[in-house]
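What's counted below: heavy atoms across the whole structure, side chains too, no hydrogens, waters or symmetry copies. The sequence lines fix the lettering, A, B, ..., with proteins before strands; numbering per chain opens at 1.
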There are 2 protein chains.
Amino acid sequence: MNQIKATIEHVEGTLRERIQQRAYGPGEQLPTELALTAEFGVSRATIRTVLTRLASEGLIIRRQGAGTYVNQRVGEVNTLGGLLDYGRLITESGYQPTIQSISMLQREATEAEAELLNLAPGEPVMVLVRLFLADERPFILATNVIPQALFSSNDDFYDGRLPLHLFLQQYCQQTIAYAIYEISPTQADDAKTIQLLNCPPGQQLLQFATTFYNQADRPLVWGHSTYDDSVVKLRFMQSWV
Amino acid sequence: MNQIKATIEHVEGTLRERIQQRAYGPGEQLPTELALTAEFGVSRATIRTVLTRLASEGLIIRRQGAGTYVNQRVGEVNTLGGLLDYGRLITESGYQPTIQSISMLQREATEAEAELLNLAPGEPVMVLVRLFLADERPFILATNVIPQALFSSNDDFYDGRLPLHLFLQQYCQQTIAYAIYEISPTQADDAKTIQLLNCPPGQQLLQFATTFYNQADRPLVWGHSTYDDSVVKLRFMQSWV
DNA sequence: AAGTGGTCTAGACCACTTT
DNA sequence: AAGTGGTCTAGACCACTTT
């Protein structure tokens with residue numbers, strides 16, 4: 001009567017939790033696939049589906065003939081699961097995240113924005129400016145531009161501190177399927193950036209220009225963020241099978 | 001008598017080729033999984049293994065109930081399959097790559113290098129300095145440090161123009177399993193960089209600090225690269241299932 | 001020789017989208 | 001209602017590593 005229906009989700013969640021809480025520590029061997037089938041009472045194909053997902057993130061490493069191991073260096077990386085969510089980046093770096101909503105206003109799309117978001121020039125957009133802090137230290141200033149047309153409901157309050165994907169889910173009923181990032185070097189040169197990020201003029205910064213799309217390839221958000229990496233370094237992991 | 005043994009590889013290679021050569025163009029629907037099983041004469045599980053790999057790179061998008069589609073924007077990204085291979089990054093950006101071997105010498109590891117490569121300080125390392133050009137324009141200056149102990153054979157010639165993973169395969173019999181990248185902003189400040197990258201002093205650049213590991217978590221290479229993104233922008237894609 | 005993950009089959013039913 | 005991908009089973013044999 002207490003049947004768990006979403007088997008894959010359950011197995012995946014359980015294994016992620018065990019790795020996160022070091023029940024399976026860095027470098028340690030996971031139970032064999034056969035042992036996992038026995039423990040969870042599912043077929044090997046189900047187990048392998050889950051392990052494939054974890055391996056593609058670099059969380060585990062599988063060696064034919066030898067076993068499946070927790071990646072020894074997961075702890076050194078702060079972008080596991082992607083850059084979508086700056087809040088999580090902060091958490092994974094070991095800090096306490098705070099998100100401040102600096103401003104939220106409606107205006108007409110610039111030509112560039114209209115182009116990127118597949119809008120006619122002048123169509124209304126919502127502009128969110130937010131500041132991310134790690135342990136009270138500001139280090140990301142993010143501007144996100146969302147077509148006003150996506151806001152189906154007529155809410156009169158939007159919580160600007162929600163992670164972007166939850167914001168879109170909540171107020172636009174849209175799910176982000178993929179994103180394209182452009183990363184470039186920049187420096188603190190305008191007064192607003194210098195003030196909000198609390199950094200000296202000329203400080204070298206990273207800039208992300210990102211477009212988020214849904215499954216139907218429709219652009220949902222265009223954003224650009226300025227990232228002060230003297231606070232938190234940006235560390236990616238990439239794995240090959 | 002003409003049996004193809006590596007079924008998955010064959011299917012995967014064929015589908016990649018078709019996408020690359022636009023037999024399946026951007027945004028177009030792929031044949032259904034059922035159709036692919038018929039065409040290749042394999043089970044659906046085999047087809048799904050391949051499609052899962054392509055989807056995790058963002059090459060295709062699968063929509064339950066609707067079909068499998070080539071990502072409309074694959075062409076906008078130049079890091080598909082990862083940053084491992086700068087030569088491919090250039091190709092994917094539409095340029096002709098050239099790799100120049102600037103220097104290749106043996107010396108003692110610095111303390112920092114020894115730490116990163118799990119060596120005792122002073123152990124010998126091989127240092128490769130290489131310049132990557134896109135259509136004759138220099139844009140990446142890469143330094144790679146490899147423990148001398150990895151060079152098993154006593155070759156007296158090393159081809160410094162090989163992509164790093166082939167270099168390691170060839171001369172060290174080592175396969176890269178994963179890498180950890182740190183991306184930071186920097187600027188052209190030393191004479192050598194300015195000269196080789198042919199850029200004005202103070203030009204803003206990206207810097208990658210990368211450590212490559214094998215399956216047994218052994219560090220194989222530590223590298224740092226300076227990247228002039230005024231030549232080729234760095235564009236990532238990230239997808240969520 | 002025993003144990004491990006990798007490939008592969010031939011089904012079944014479900015969730016979701018399209019027609 | 002028909003078609004599509006998602007989940008799931010219960011096997012089999014292979015390639016590779018460890019004992």
Distance check needed: D:dT7 P versus B:L51 CG, whole Å only. 13 Å
According to a strict under-4.0 Å criterion, is A:T7 in side-chain N/O contact with OP1 or OP2 of D:dC8? yes
Selection from C:dT9, C:dT7, D:dT9 that lies nearest to any side-chain heavy atom of B:R53: C:dT7
Gap between atom OG1 of B:T14 and atom CD1 of B:I19 - 0.5 Å precision: 11.0 Å
When rounded to whole Å, the CZ to C1' distance for the pair B:R44 and D:dA10 reads 17 Å
Applying the Watson-Crick and G-U criteria (both distances under 3.5 angstrom) with [ ] for crossing and | for other-strand pairs, one obtains for DNA chain D ||||||||||||||||||.
DNA chain D-proximal residues of residues 58-67 of chain B, any heavy atom under 4.0 Å: B:R62, B:R63, B:Q64, B:G65, B:G67
Whole angstrom is fine here: how far is it from CD in A:Q215 over to P in D:dG6? 9 Å
Give the rounded distance in Å between these two atoms: CD of B:Q29 and P of D:dG3. 13 Å
Quick one: does A:T7's side chain get under 4.5 Å of A:F40's, heavy atoms only? no
Give me the ring orientation class for B:Y158 and B:F167: parallel if the planes are under 30° apart, tilted from 30 to 60°, perpendicular past 60°. tilted
So, for A:Y178 and A:Y213, is the gap between ring centers shorter than 6.0 Å? yes
What is the nucleic acid contact for B:T68, judged by heavy atoms within less than 4.0 Å: base, sugar-phosphate only, or nothing? sugar-phosphate
Hey, is the side chain of B:R48 poking within less than 4.0 Å of OP1 or OP2 on D:dG5, counting only N and O atoms? no
In whole angstrom, what separates A:L34's CG from D:dG11's C1'? 13 Å
Would you say D:dT9 has OP1 or OP2 under 4.0 Å from some side-chain N or O of A:T46? yes
When the ring planes of A:F212 and A:Y181 are compared, do they come out parallel, tilted or perpendicular, using 30° and 60° as the limits? perpendicular
Between CD1 of A:I8 and C1' of C:dC13 the distance, given in whole Å, is 14 Å
Looking only at side-chain N and O atoms, does A:Y86 offer a donor or acceptor that is under 3.5 Å from a partner on A:R130? no
Whole-Å distance between D:dT17 C1' and B:N214 CG? 15 Å
Any Lys/Arg nitrogen of A:E12 or A:R16 sitting under 4.0 Å from an Asp/Glu carboxylate oxygen of the other? yes
Rounded to whole Å, how long is the line connecting atom CD1 of A:I47 with atom C1' of C:dG5? 13 Å
Side chains of B:T52 and B:R62: do they bring a donor and an acceptor to under 3.5 Å? yes
Close side-chain approach of A:L220 to A:I146, heavy-atom, < 4.5 Å: no
